[in-house]
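What you are looking at is a predicted structure, and each value in this text was computed from that prediction instead of being measured.
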Amino acid sequence: MAPTNEGYSRDCCLTMQWMLPVPVLPDETLSSWLTRAALEQGCDPLVLTGSIWPGWRAWTMDIDRGLGDQQLSKLPPVSGIPAGTFKAMSLRREAEVIAGGDLEVSRSWPWVLALGSKNRRRQSGLQYCPDCLQTDSKPYFRRKWRFAWQSGCETHQVRLVSHCDRCCSPVQPHRLTAESILLSKCPICDFNLARAIRYPISTGSKIFQAASNDVIHSRHAFYDSQAFAPHNWFAIARFFTGVVRQALRQPSSQLAGALRRLEVLSGIDNAPLLGLPLELLLPLERDFLFNQAYRLMLVGRSDLLQALLDAGVTANCLRSNSESIPPGLSELFINLSTNDKRARSSRSILPRKRSRRSVLMAWARLQRKMGP
């Protein structure tokens with residue numbers, strides 16, 4: 001007698017409604033749900049998405065940012081879940097609040113962590129809380145972990161993790177196979193991700209994270225006792241992260257001196273490099289950065305301006321962090337002096353000396369471009 005499963009494999013078509021329903025868990029990402037659904041049906045995530053969307057390579061893009069109407073229409077028939085539920089799983093709603101308008105699909109979104117996709121491989125891992133994965137009855141990845149201001153878990157007070165503790169590869173649950181059963185395993189070395197070493201989140205970063213969450217949920221924001229639209233508040237926060245990074249690149253500069261006088265910079269001897277864009281930084285790097293930047297946000301504009309003036313900081317120095325001037329901070333640039341760039345033309349053209357930290361940051365960016 002032939003085996004009962006003869007003629008079938010894990011590559012079989014799954015376009016009919018699944019035998020095992022997979023409900024969406026609270027605040028779950030679409031990629032997490034699809035991966036869990038595949039493992040529940042006993043197949044690889046690649047097989048499942050290939051059967052739902054033949055000819056469309058879902059895992060080569062960031063599907064957590066949302067699906068088009070055509071792709072979205074394929075999910076309710078197989079899952080039994082309304083399309084509105086999948087629309088609500090998209091990151092676009094919060095991302096548009098942060099951006100203050102529409103977003104381009106082909107570009108990175110501000111404050112949304114980028115994956116750095118190359119085919120199905122990721123250069124940046126999905127961040128997670130090891131305690132959450134350990135206590136989940138069914139481990140899954142949360143939407144809130146996809147935002148850059150999230151560097152720690154407010155429930156367990158530990159820093160988030162984005163790479164496997166054993167093999168150091170980015171966390172990529174979509175590359176799991178049917179044999180993995182749970183999302184809490186590393187697809188490369190089979191390490192239990194819930195066993196990652198725990199590190200505490202810094203105080204300033206924790207406060208900044210709570211403030212950012214409040215801005216997103218309430219749609220109201222304040223800086224220096226003045227009300228701002230959410231997208232302007234996030235622009236101010238991003239500007240201050242740029243100021244901190246500029247000071248760290250040149251720790252002996254006038255800007256760094258001004259921040260030290262304001263008691264903003266601390267622990268810079270062991271500071272991470274921070275050479276990549278904000279959306280590509282690791283949880284450790286963002287935790288350190290937000291811990292410093294939020295202290296700077298607590299300084300009133302008048303006190304900040306006075307500290308910059310006392311240190312001899314010019315408007316050119318603040319502009320050199322490449323972040324545009326957000327609303328509410330133009331006063332700083334109006335009152336700071338500006339170097340005359342024409343005076344530089346008379347100087348001999350020699351390579352500008354760069355700090356060791358600045359060179360290492362440039363090297364980190366180059367490594368990122370080269371990839372693994």
Side-chain angles (χ1 to χ4, degrees), residues 98 110-111 147-154 157-160 199-216 221-228 230 232-275 277-278 281-313 317-323 325-329 331-333 335-336 357 361:
I98 296 168
W111 294 90
F147 296 103
W149 66 82
Q150 298 279 347
S151 58
C153 176
E154 61 272 17
Q157 301 297 304
V158 298
R159 197 167 64 218
L160 301 183
Y199 296 97
I201 183 176
S202 62
T203 302
S205 180
K206 180 167 55 177
I207 297 173
F208 176 76
Q209 180 171 308
S212 301
N213 288 335
D214 185 62
V215 170
I216 288 295
F222 291 87
Y223 164 65
D224 195 20
S225 301
Q226 181 181 346
F228 287 91
N232 287 332
W233 187 89
F234 276 101
I236 292 171
R238 192 181 191 96
F239 176 82
F240 281 130
T241 63
V243 171
V244 170
R245 295 171 80 159
Q246 176 71 8
L248 290 173
R249 278 195 291 269
Q250 300 291 337
S252 60
S253 66
Q254 295 166 319
L255 176 60
L259 297 192
R260 278 192 289 267
R261 290 187 186 93
L262 292 169
E263 299 182 351
V264 170
L265 293 184
S266 64
I268 62 175
D269 292 338
N270 299 316
L273 291 178
L274 308 176
L278 178 64
L281 294 178
L282 299 174
L284 164 66
E285 297 168 330
R286 283 180 282 110
D287 179 61
F288 176 86
L289 180 60
F290 297 146
N291 189 42
Q292 315 296 325
Y294 191 66
R295 294 180 192 177
L296 188 54
M297 292 184 71
L298 293 178
V299 178
R301 279 170 286 191
S302 59
D303 291 338
L304 175 58
L305 175 60
Q306 190 59 54
L308 295 174
L309 289 171
D310 292 344
V313 177
C317 180
L318 286 184
R319 287 194 181 95
S320 64
N321 71 47
S322 76
E323 301 292 350
I325 305 171
L329 294 180
E331 176 187 350
L332 295 178
F333 294 87
N335 289 280
L336 293 176
R357 181 181 185 81
M361 292 172 70

Note to self: As an exercise, state the distance from OG of Ser253 to CG of Leu248, rounded to the nearest 0.5 Å.
What the structure shows: 9.5 Å

Note to self: Closer than 3.5 angstrom, by distance alone: can the side chain of Gln157 be matched with the main-chain N or O of Glu154 as a donor-acceptor pair?
What the structure shows: yes

Next item on the list: Looking only at non-hydrogen atoms, find the nearest pair between Ala247 and Leu259 and report the distance.
Entry: CB-CD1, 3.7 Å

Next item on the list: Please examine the side chains of Thr241 and Leu296, heavy atoms only from C-beta on, and report whether any two atoms are closer than 4.5 Å.
Entry: no

Note to self: Is there a side-chain contact between Leu308 and Leu255 in this structure, where contact means two heavy atoms from C-beta onward sitting under 4.5 Å apart?
What the structure shows: yes

Check: Do you know which two heavy atoms are closest between Leu329 and Ile236, and how far apart they sit?
Finding: CD1-CG2, 4.2 Å

Checklist line | Any Ile325 side-chain heavy atom under 4.5 Å of Leu332 side chain | finding: no

Note to self: Quick check: do Trp233 and Ser212 have side-chain heavy atoms less than 4.5 Å from each other?
What the structure shows: yes

Note to self: Which heavy atom of Glu285 sits nearest to which heavy atom of Pro272, and what is that distance?
What the structure shows: CG-CB, 3.7 Å

Check: Is there side-chain contact between Ile207 and Leu298, with at least one heavy-atom pair below 4.5 Å?
Finding: no

Margin query: Checking the side chain of Arg301 only, and the main-chain atoms of Gly328 only, is there a donor and an acceptor separated by less than 3.5 Å?
Written below: yes

Notebook entry, point to check: With no hydrogens and no angle check, do the side chains of Gln306 and Asp310 hold a donor and an acceptor under 3.5 Å apart?
Noted result: yes

Margin query: Please tell me whether Asn291 and Ser205 have a donor and an acceptor in their side chains that are separated by less than 3.5 angstrom.
Written below: no

Margin query: Can you confirm whether Tyr294 sits close enough to Thr203 that some side-chain heavy atom of one is under 4.5 Å from a side-chain heavy atom of the other?
Written below: no

Notebook entry, point to check: If you count the non-hydrogen atoms of other residues, nucleotides and ligands that lie under 6.0 Å from CD in Glu263, is the total more than 12?
Noted result: no

Notebook entry, point to check: For the residue pair Tyr223 and Val299, what are the closest heavy atoms and their distance?
Noted result: OH-O, 3.8 Å

Next item on the list: Report the residues that fulfil ring-ring contact (aromatic ring centres under 6.0 Å, His included) with Trp149, sequence neighbours left out, ordered by chain and then residue number.
Entry: Phe147, Phe234

Notebook entry, point to check: Do Arg286 and Gln150 get their side chains close enough for a donor-acceptor pair, meaning under 3.5 Å?
Noted result: no

Next item on the list: Could you pull out the closest heavy-atom pair between Arg238 and Leu278, with the gap in Å?
Entry: NH1-CD2, 3.5 Å

Check: Within the side chain of Gln209, is there an N or O that forms a donor-acceptor pair under 3.5 Å with the backbone of Gly152?
Finding: yes

Notebook entry, point to check: Under 4.5 Å between any side-chain heavy atoms of Phe208 and Met297, yes or no?
Noted result: yes

Next item on the list: Please round to the nearest 0.5 Å and tell me the distance separating atom OG of Ser202 and atom CD of Gln292.
Entry: 8.0 Å

Item checked: Closest contact, heavy atoms only, Ala148 versus Phe290 -> O-CE1, 3.2 Å

Item checked: Distance, nearest 0.5 Å, that separates CD1 of Ile201 from CG of Leu160 -> 7.0 Å

Next item on the list: Would you give the length of the straight line joining atom CG of Leu274 to atom CG of Leu282, rounded to the nearest 0.5 angstrom?
Entry: 10.0 Å

